Amino acid sequence: DKETARKIDGCYSLTMHFIKQKDPDPHSCNLHRCRQTKLRKKVHMEALAIRNTRLDTTFSQRGRIRGIDAANSEILARPEVFAQAFRFLRNELRTDTQYPNNLGMTYHVGEDFLDAVDGLRAVDEVLTFMGFHNGDRLGHAIVLGIDVKNYYAKRHNILIIPLQVLLDNVVWLYHKGQDLPRFCRVCRELEILYETTYQKVHGSDKNSNNISPSLWDYYQSWLLRGDNPEYYSGRSGFTASSGYWYAFDLNTTSDSMLARKNDIAQKLYYDYHYNRTVKERGSRTEQVSLSDELVAHIADVQEKMLCEIERQNICVECNPTSNLLIGQIEGYRHHPILRFHNHGLNLNLPPHAISVSINTDDKGIFATSLEREYSLLALALEKEFAKEKENPPRTIYEWLDQIRKMAAEQRFR
């Protein structure tokens with residue numbers, strides 16, 4: 001009836017998805033084609049379309065657009081491609097009081113990755129390049145909750161990975177973990193790995209006595225990845241159709257602003273996007289063996305990131321069945337949600353109370369429902385702790401009810 005239809009009509013909202021796509025010409029080299037040029041243009045136009053739709057007073061459903069997301073396999077495109085769009089839609093000036101610019105932000109990340117460090121770095125790129133903060137959400141993020149030591153042990157501590165990804169991972173890991181106690185034992189291993197990988201990707205410069213840029217220079221070039229590459233090629237600029245789009249060319253964090261003053265970092269960033277030789281060499285794969293000490297250090301960095309996300313109150317959308325079928329999870333009782341939020345449970349894990357939710361992902365594809373996801377987790381945990389008194393069924397149900405309440409708080413209103 002009409003009354004039921006009216007109630008249903010008032011209960012739904014829309015989250016607009018950017019779709020990650022593979023770069024069709026990853027080795028192109030000219031001032032008009034940076035990495036992912038085609039996708040960047042598509043994201044630009046879609047971001048403007050979302051903004052214009054929310055401003056269109058003749059469109060009755062404009063108020064239903066409550067959030068944005070980037071979906072599909074993250075191996076196809078890194079967060080840097082979508083950074084400007086997220087900054088633009090979060091901050092673009094508005095005078096509309098009926099529908100203020102309160103778009104919720106979520107990003108699918110840390111579900112599929114080339115190795116654990118690659119996944120952790122992708123999560124950090126979302127936080128760093130898109131300015132994620134209190135109330136924003138990460139989709140899946142299972143890389144934050146897997147057993148890192150077990151992950152690498154299954155691979156005998158051996159990686160087969162593109163050189164560019166390896167170079168970025170080494171530099172990021174070196175600086176992300178400098179304040180951790182194990183760093184002094186692995187820093188030399190990382191420095192050697194950086195030197196050898198840099199030479200393979202960038203070659204040697206006879207004018208510099210084969211001395212590579214410092215790790216700090218390269219890290220600062222990574223900090224610039226959230227910027228619009230066109231800014232560095234001289235093509236960026238305001239146009240009537242773009243509105244304020246180009247006002248968000250640059251990431252304005254203090255670290256990024258400092259990195260922008262580093263000429264070496266800017267040159268490395270430019271080569272990353274426009275140097276054909278660098279891109280071709282970087283796409284070649286390399287086999288690398290990691291020490292047990294370095295793997296333990298990676299686990300320490302993972303724990304550090306969990307603490308950062310908890311402190312910033314960034315939410316994690318968990319999808320148990322989807323993660324079990326797609327991710328690196330052995331069973332429901334090993335789902336990362338137990339590492340993200342274990343308040344109230346007696347587990348042999350570091351205590352965390354990250355805001356989480358339980359979701360279906362795509363309930364049609366995975367033949368599930370929200371009720372089934374809760375039930376599967378409850379059943380798995382009851383079986384896991386059947387012989388123990390520390391986590392009886394009542395405790396498990398109370399833990400799940402906490403998550404249900406948190407999910408309601410995470411809604412994009």
Side-chain angles (χ1 to χ4, degrees), residues 73-75 109-124 138 140-178 180-194 196-197 285-309 316 318-342 345 347-352 354 380-381 383-385:
S73 171
E74 61 196 277
I75 295 176
V109 68
E111 180 187 21
D112 52 347
F113 36 85
L114 297 174
D115 91 301
V117 179
D118 177 57
L120 291 170
R121 178 168 63 90
V123 173
D124 200 35
L138 301 174
H140 303 290
I142 60 176
V143 72
L144 291 167
I146 62 173
D147 185 331
V148 167
K149 294 179 181 179
N150 184 50
Y151 172 89
Y152 285 109
K154 287 182 176 180
R155 294 156 179 79
H156 307 288
N157 286 16
I158 294 175
L159 301 179
I160 299 177
I161 194 167
L163 284 167
Q164 182 65 62
V165 176
L166 176 62
L167 180 59
D168 294 340
N169 287 352
V170 168
V171 172
W172 176 83
L173 187 62
Y174 185 92
H175 287 279
K176 191 68 178 178
Q178 279 187 327
L180 298 176
R182 215 180 303 264
F183 175 75
C184 62
R185 284 176 270 174
V186 301
C187 63
R188 187 55 187 156
E189 180 180 352
L190 289 171
E191 288 167 356
I192 293 172
L193 196 52
Y194 166 72
T196 57
T197 309
T285 56
E286 179 88 348
Q287 179 173 304
V288 181
S289 179
L290 307 180
S291 69
D292 290 338
E293 199 70 41
L294 183 54
V295 170
H297 178 67
I298 294 170
D300 292 343
V301 171
Q302 180 197 47
E303 178 61 24
K304 176 184 176 179
M305 290 190 65
L306 281 172
C307 294
E308 290 176 354
I309 288 169
V316 180
C318 298
N319 307 273
T321 297
S322 171
N323 298 154
L324 188 66
L325 295 174
I326 298 176
Q328 317 262 345
I329 301 173
E330 298 177 356
Y332 289 99
R333 67 186 184 278
H334 299 295
H335 193 278
I337 195 171
L338 293 169
R339 287 199 65 186
F340 299 153
H341 184 91
N342 48 48
L345 296 178
L347 302 176
N348 187 26
L349 291 170
H352 286 292
I354 294 172
L381 294 179
K383 286 184 177 181
E384 177 76 7
F385 303 117

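Nothing here was measured: the structure is a model prediction, and the numbers come from that model.
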Novice: Enter the distance from Glu74:CD to Asp118:CG here, rounded to the nearest 0.5 Å.
Specialist: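 Separation between the atoms: 7.5 Å.
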
Novice: If the plane angle is over 60° it's perpendicular, under 30° parallel, otherwise tilted; pick one for Phe183 and His297.
Specialist: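 Plane angle between 30° and 60°, so tilted.
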
Novice: Return the OG1 to CD1 distance between Thr285 and Ile161, rounded to the nearest 0.5 Å.
Specialist: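 Answer for the OG1-CD1 pair, Thr285 versus Ile161, is 10.0 Å.
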
Novice: Output, in order, the C-alpha distance, side-chain angles, deciding distance and verdict of side chain to side chain contact (heavy atoms under 4.5 Å, CB included) for Ile309 and Leu138.
Specialist: CA-CA 10 Å; Ile309 288 169; Leu138 301 174; 3.9 Å; yes

Novice: Any side-chain donor-acceptor pair under 3.5 Å between Glu303 and His352?
Specialist: yes

Novice: Hey, are the side chains of Leu114 and Asn169 touching, using non-hydrogen atoms and a 4.5 Å cut-off?
Specialist: no

Novice: Determine whether Arg333 and Phe385 make a side-chain contact, defined as any pair of heavy atoms from C-beta on separated by less than 4.5 Å.
Specialist: no

Novice: Check whether any side-chain heavy atom of Cys318 lies under 4.5 Å from a side-chain heavy atom of His341, and answer yes or no.
Specialist: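 Side-chain contact under 4.5 Å: no.
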
Novice: Do Thr321 and Tyr332 come within less than 4.5 Å of each other through their side chains, counting heavy atoms only?
Specialist: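 The answer is yes; the side chains approach within 4.5 Å.
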
Novice: How many angstroms lie between CD1 in Ile326 and CG in Asn319, if you round to the nearest 0.5 Å?
Specialist: 9.0 Å

Novice: Closest approach of Glu111 and Ser322, non-hydrogen atoms and distance?
Specialist: OE2-OG, 3.8 Å

Novice: So do the side chains of Gln287 and Ile158 get within less than 4.5 Å of each other, counting heavy atoms only?
Specialist: yes

Novice: Does a side-chain heavy-atom distance below 4.5 Å link Ile298 with Leu120?
Specialist: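 Answer yes - side chains close enough.
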
Novice: Given side-chain hydrogen bond (donor to acceptor under 3.5 Å, both in side chains), test Tyr152 with Asp115 step by step and report yes or no.
Specialist: CA-CA 9 Å; Tyr152 285 109; Asp115 91 301; 2.5 Å; yes

Novice: Please name the residue in the list Val109, Leu306, Ile354 that meets the side-chain contact (heavy atoms from CB on, under 4.5 Å) test with Leu144.
Specialist: Leu306

Novice: Please check if the number of heavy atoms outside Leu349 that lie under 6.0 Å from its CG is greater than 12.
Specialist: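 Result for CG/Leu349: enclosed.
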
Novice: Does this structure show an ion pair linking Arg121 with Asp124, if we count only N-O contacts that are shorter than 4.0 Å?
Specialist: no

Novice: Got a second to check how far Ser289's OG is from His156's NE2, nearest 0.5 Å?
Specialist: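 One gets 11.0 Å once the value is rounded to the nearest 0.5 Å.
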
Novice: To the nearest 0.5 Å, what is the distance between CD1 on Ile142 and CD1 on Ile337?
Specialist: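 So the CD1 of Ile142 and the CD1 of Ile337 are separated by 13.0 Å.
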
Novice: For Asn342 versus Pro351, what's the shortest heavy-atom pair and its separation?
Specialist: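 Closest pair (atom of Asn342, atom of Pro351, distance): OD1-CA, 3.3 Å.
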
Novice: Take Val301 and Trp172 through the test side chain to side chain contact (heavy atoms under 4.5 Å, CB included) and record every step on the way to the result.
Specialist: CA-CA 11 Å; Val301 171; Trp172 176 83; 3.8 Å; yes

Novice: Quick one: closest heavy-atom pair of Ile75 and Asp112, and the distance?
Specialist: CG1-O, 3.9 Å

Novice: Is there a side chain to side chain contact (heavy atoms under 4.5 Å, CB included) between Gln302 and Met305 once you walk through the steps?
Specialist: CA-CA 5 Å; Gln302 180 197 47; Met305 290 190 65; 5.9 Å; no

Novice: What are the two closest heavy atoms between Ser291 and Glu189, and how far apart are they?
Specialist: OG-OE1, 2.6 Å

Novice: Are Leu167 and Tyr194 side-chain neighbours, meaning at least one heavy-atom pair lies under 4.5 Å?
Specialist: yes

Novice: Side chains of Leu173 and Leu294, heavy atoms from C-beta outward: is any pair under 4.5 Å?
Specialist: yes

Novice: Could you state the interatomic distance from NZ (Lys176) to CG (Asp300), rounded to the nearest 0.5 Å?
Specialist: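 One finds 13.5 Å between NZ of Lys176 and CG of Asp300.
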
Novice: Could you tell me which non-hydrogen atom of Pro336 sits nearest to which non-hydrogen atom of Ile329, and how far apart they are?
Specialist: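 Result for this residue pair: CD-CD1, 3.5 Å.
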
Novice: Working note: Thr197 + Glu286, criterion side-chain hydrogen bond (donor to acceptor under 3.5 Å, both in side chains); need CA distance, chi angles, decisive distance, verdict.
Specialist: CA-CA 9 Å; Thr197 309; Glu286 179 88 348; over 6 Å; no

Novice: Take His140 and Asn323 through the side chain to side chain contact (heavy atoms under 4.5 Å, CB included) test and state the conclusion after the steps.
Specialist: CA-CA 7 Å; His140 303 290; Asn323 298 154; 2.9 Å; yes

